[in-house]
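Letters A, B, ... mirror the listed sequences (proteins, then strands); counts begin at 1. FYI, side chains are in, hydrogens and waters are out, and symmetry mates aren't considered; it's all heavy atoms of this structure.
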There are 2 protein chains.
Amino acid sequence: MASASVQAYEIIRQEIISGRFPPGHRLIESDLTALCKVSRTPVREALRRLVNEGLAEFSPNHGAQVADPGDEDLEALYELRTLIEGYGAARAATRISEAEIAELEALASQMEALVKKGADHTPEAAGANSRFHRIILEAARSARLLSVAGLVVETPLVLRTLARYSADERDRSMRHHRELIAAFRARDARWAEAVMTGHIKAAFAAIRRDLAQRSPG
Amino acid sequence: MASASVQAYEIIRQEIISGRFPPGHRLIESDLTALCKVSRTPVREALRRLVNEGLAEFSPNHGAQVADPGDEDLEALYELRTLIEGYGAARAATRISEAEIAELEALASQMEALVKKGADHTPEAAGANSRFHRIILEAARSARLLSVAGLVVETPLVLRTLARYSADERDRSMRHHRELIAAFRARDARWAEAVMTGHIKAAFAAIRRDLAQRSPG
DNA sequence: AACAAATTTATTGTATACAAAGTGGGGGGG
DNA sequence: CCCCCCCACTTTGTATACAATAAATTTGTT
């Protein structure tokens with residue numbers, strides 16, 4: 001069984017990402033002990049970690065609350081993502097193993113299958129997409145890069161991008177995945193970086209369009 | 001008075017940065033309670049934070065120990081720094097206030113004065129340099145950028161770069177500071193980014209030279 | 001009725017006690 | 001003599017109790 005603090009972390013994180021804890025929702029330690037069935041000590045650790053990852057905000061003597069992406073400069077967040085994941089893809093191109101490339105292909109196929117079934121808005125698809133990106137970052141072989149990337153990809157907005165795509169955008173995204181794999185096979189760092197950069201820029205464009213559409217004005 | 005957990009954080013961090021806790025040194029919670037005069041609870045919080053910032057490493061049920069920079073890919077660390085601080089400088093160029101520019105000038109002057117006094121290897125000089133970089137990152141007006149930057153600038157190696165410079169390298173660094181200020185005055189994002197990139201590349205070159213010199217093999 | 005001060009209440013911050021897991025050393029068996 | 005297992009000890013993980021701080025409410029006054 002997972003330790004109490006990671007259990008608490010995972011539960012609370014899931015509540016935030018799923019949206020059951022909406023932005024601004026206060027994260028009261030005593031309430032969370034009931035939800036997670038652990039004592040306040042591991043709950044506090046989980047909260048500090050979530051704050052560190054940007055999923056929650058914190059004021060001293062007042063506690064944590066769910067972060068509001070609306071407060072943030074989305075352009076900055078996505079610029080950082082292009083820089084960091086682009087660099088990661090470039091590094092990965094010359095370091096990734098055959099086994100990892102195979103994993104990427106499996107995930108790409110899985111996502112394409114889910115799309116064909118109309119299941120592209122499901123958590124399963126979001127998970128596959130996350131793993132795809134994660135494998136690339138791990139293939140870059142830099143612990144520091146991994147922790148830095150954690151700060152820009154592990155946000156509800158990013159994790160739910162797939163759900164915002166139109167059919168065209170979704171197809172483009174699938175093709176990006178395939179092209180990334182091709183770049184890795186060719187061991188071409190600049191190619192991989194370029195595709196990854198486009199992949200993230202496209203995601204940002206979709207999000208901006210989606211946000212404008214939902215709240216026009 | 002600062003809260004117990006930040007007090008613990010600052011004390012332990014100082015021990016690590018100063019080198020009194022060398023790489024690999026185990027950070028035993030009970031020992032640290034004695035050093036920081038607080039209980040284990042805030043000590044644990046401080047340790048988790050240091051781990052998050054990459055100053056310490058952690059294994060479950062075994063605790064934390066001081067991170068060893070030798071374990072790390074320095075090229076990756078410095079590439080990330082150029083990307084992140086370069087981007088920060090570019091953003092800052094169009095957002096920085098007059099007051100902040102004035103602060104930068106004051107710090108540049110202070111560092112130049114310290115150099116003239118031969119006091120450029122002191123913690124005072126290192127502090128001024130840190131503040132210089134921090135003001136720029138804050139002027140970029142992105143909380144996310146700030147936290148990401150924390151992961152790549154707050155490392156002992158980076159914080160003690162000044163002490164590694166030769167006379168020439170030091171002078172070049174001082175000139176970079178002045179040129180950055182000029183770029184900010186001109187509100188020229190690309191200029192600022194270029195100078196910052198060079199500034200960090202130069203630092204990396206100095207470190208690499210210094211490391212090779214000290215342990216030739 | 002509106003404002004301000006004081007009191008209560010809710011919540012976080014810290015300390016300590018206990019439980020679990022890991023580590024190393026000593027004794028017994030091969 | 002060496003290896004392995006078991007026991008004692010060290011260290012981390014978790015729970016709970018207490019202290020301090022901030023927020024809300026009430027009460028008194030104007």
Side-chain angles (χ1 to χ4, degrees), chain A residues 1-16 20-68 71 143 147 150 154, chain B residues 1-16 20-68 71 143 147 150 154:
Chain A
M1 167 194 158
S3 79
S5 68
V6 324
Q7 179 183 337
Y9 167 76
E10 283 166 3
I11 291 175
I12 300 168
R13 181 171 182 274
Q14 204 52 45
E15 295 293 309
I16 295 175
R20 283 192 294 277
F21 284 174
H25 181 257
R26 279 193 65 183
L27 299 163
I28 308 289
E29 294 174 3
S30 53
D31 295 356
L32 298 172
T33 60
L35 175 67
C36 306
K37 322 237 196 208
V38 298
S39 81
R40 269 184 62 209
T41 311
V43 164
R44 277 177 70 86
E45 264 188 30
L47 287 178
R48 298 318 246 271
R49 192 170 158 197
L50 290 164
V51 167
N52 259 311
E53 294 173 358
L55 286 178
E57 289 160 353
F58 181 83
S59 357
N61 291 318
H62 183 255
Q65 57 183 65
V66 179
D68 186 351
D71 292 348
S147 57
E154 306 276 312
Chain B
M1 167 194 156
S3 79
S5 69
V6 324
Q7 180 184 335
Y9 167 76
E10 282 165 3
I11 290 174
I12 300 168
R13 181 171 182 275
Q14 204 51 45
E15 295 293 310
I16 295 175
R20 281 191 296 276
F21 285 173
H25 181 257
R26 278 193 65 181
L27 298 163
I28 308 289
E29 295 174 2
S30 53
D31 295 355
L32 298 173
T33 61
L35 175 67
C36 306
K37 322 238 198 209
V38 299
S39 82
R40 270 183 61 210
T41 311
V43 165
R44 277 177 70 84
E45 265 187 30
L47 286 179
R48 299 318 245 273
R49 192 170 159 196
L50 290 164
V51 167
N52 261 308
E53 294 173 358
L55 286 178
E57 289 161 354
F58 182 83
S59 357
N61 292 317
H62 182 256
Q65 56 183 67
V66 178
D68 185 352
D71 292 349
S147 56
E154 306 278 311

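Along DNA chain C, the nucleotide nearest to A:Arg48 and the one nearest to B:His62 differ in position, and the one closer to the 5' end is contacted by A:Arg48. The residue among A:Val6 and A:Pro60 whose nearest nucleotide of DNA chain D lies closer to the 5′ end is A:Val6.
Look at CZ on B:Arg40: it is 16 Å from P on D:dT16, rounded to the nearest Å. To the nearest angstrom, C1' of C:dT14 lies 12 Å from CD of A:Glu29. If you take CD of B:Glu45 and P of D:dG13, they are 14 Å apart, rounded to a whole angstrom. For A:Ile28 and C:dT9, the CD1 to C1' distance is 13 Å, given to the nearest whole Å. Across the protein-nucleic acid pair, B:Leu32 atom CG and D:dT11 atom C1' stand 12 Å apart, rounded to whole Å. When rounded to the nearest whole Å, the span between CZ of A:Arg26 and P of C:dA10 equals 13 Å. In this entry the distance linking CZ of B:Arg44 with P of D:dT11 reads 14 Å, nearest Å. One can place CD of A:Gln7 at 16 Å from C1' of C:dA20, the figure rounded to the nearest angstrom.
A distance of 11.5 Å separates CG of B:Leu50 from CD of B:Glu15, quoted to the nearest 0.5 Å. Separation of atoms OG1 (B:Thr41) and CD (A:Glu45) is listed at 10.0 Å; rounding is to 0.5 Å.
Side-chain proximity of A:Asn61 to the nucleotides D:dT21, D:dT14, C:dT14 is greatest for D:dT21.
Heavy atoms of A:Leu47 sit nowhere under 4.0 angstrom from any nucleic acid atom.
Note on A:Glu53 versus A:Arg49: salt bridge recorded, some NZ/NE/NH1/NH2 to OD/OE distance being below 4.0 Å.
Checking the phosphate oxygens (OP1, OP2) of D:dA15, a side-chain nitrogen or oxygen of A:Ser39 falls inside 4.0 Å.
For the pair A:Ala46 and A:Ser5, the tightest heavy-atom approach, listed with the atom from each and the gap, is CB-O, 3.9 Å.
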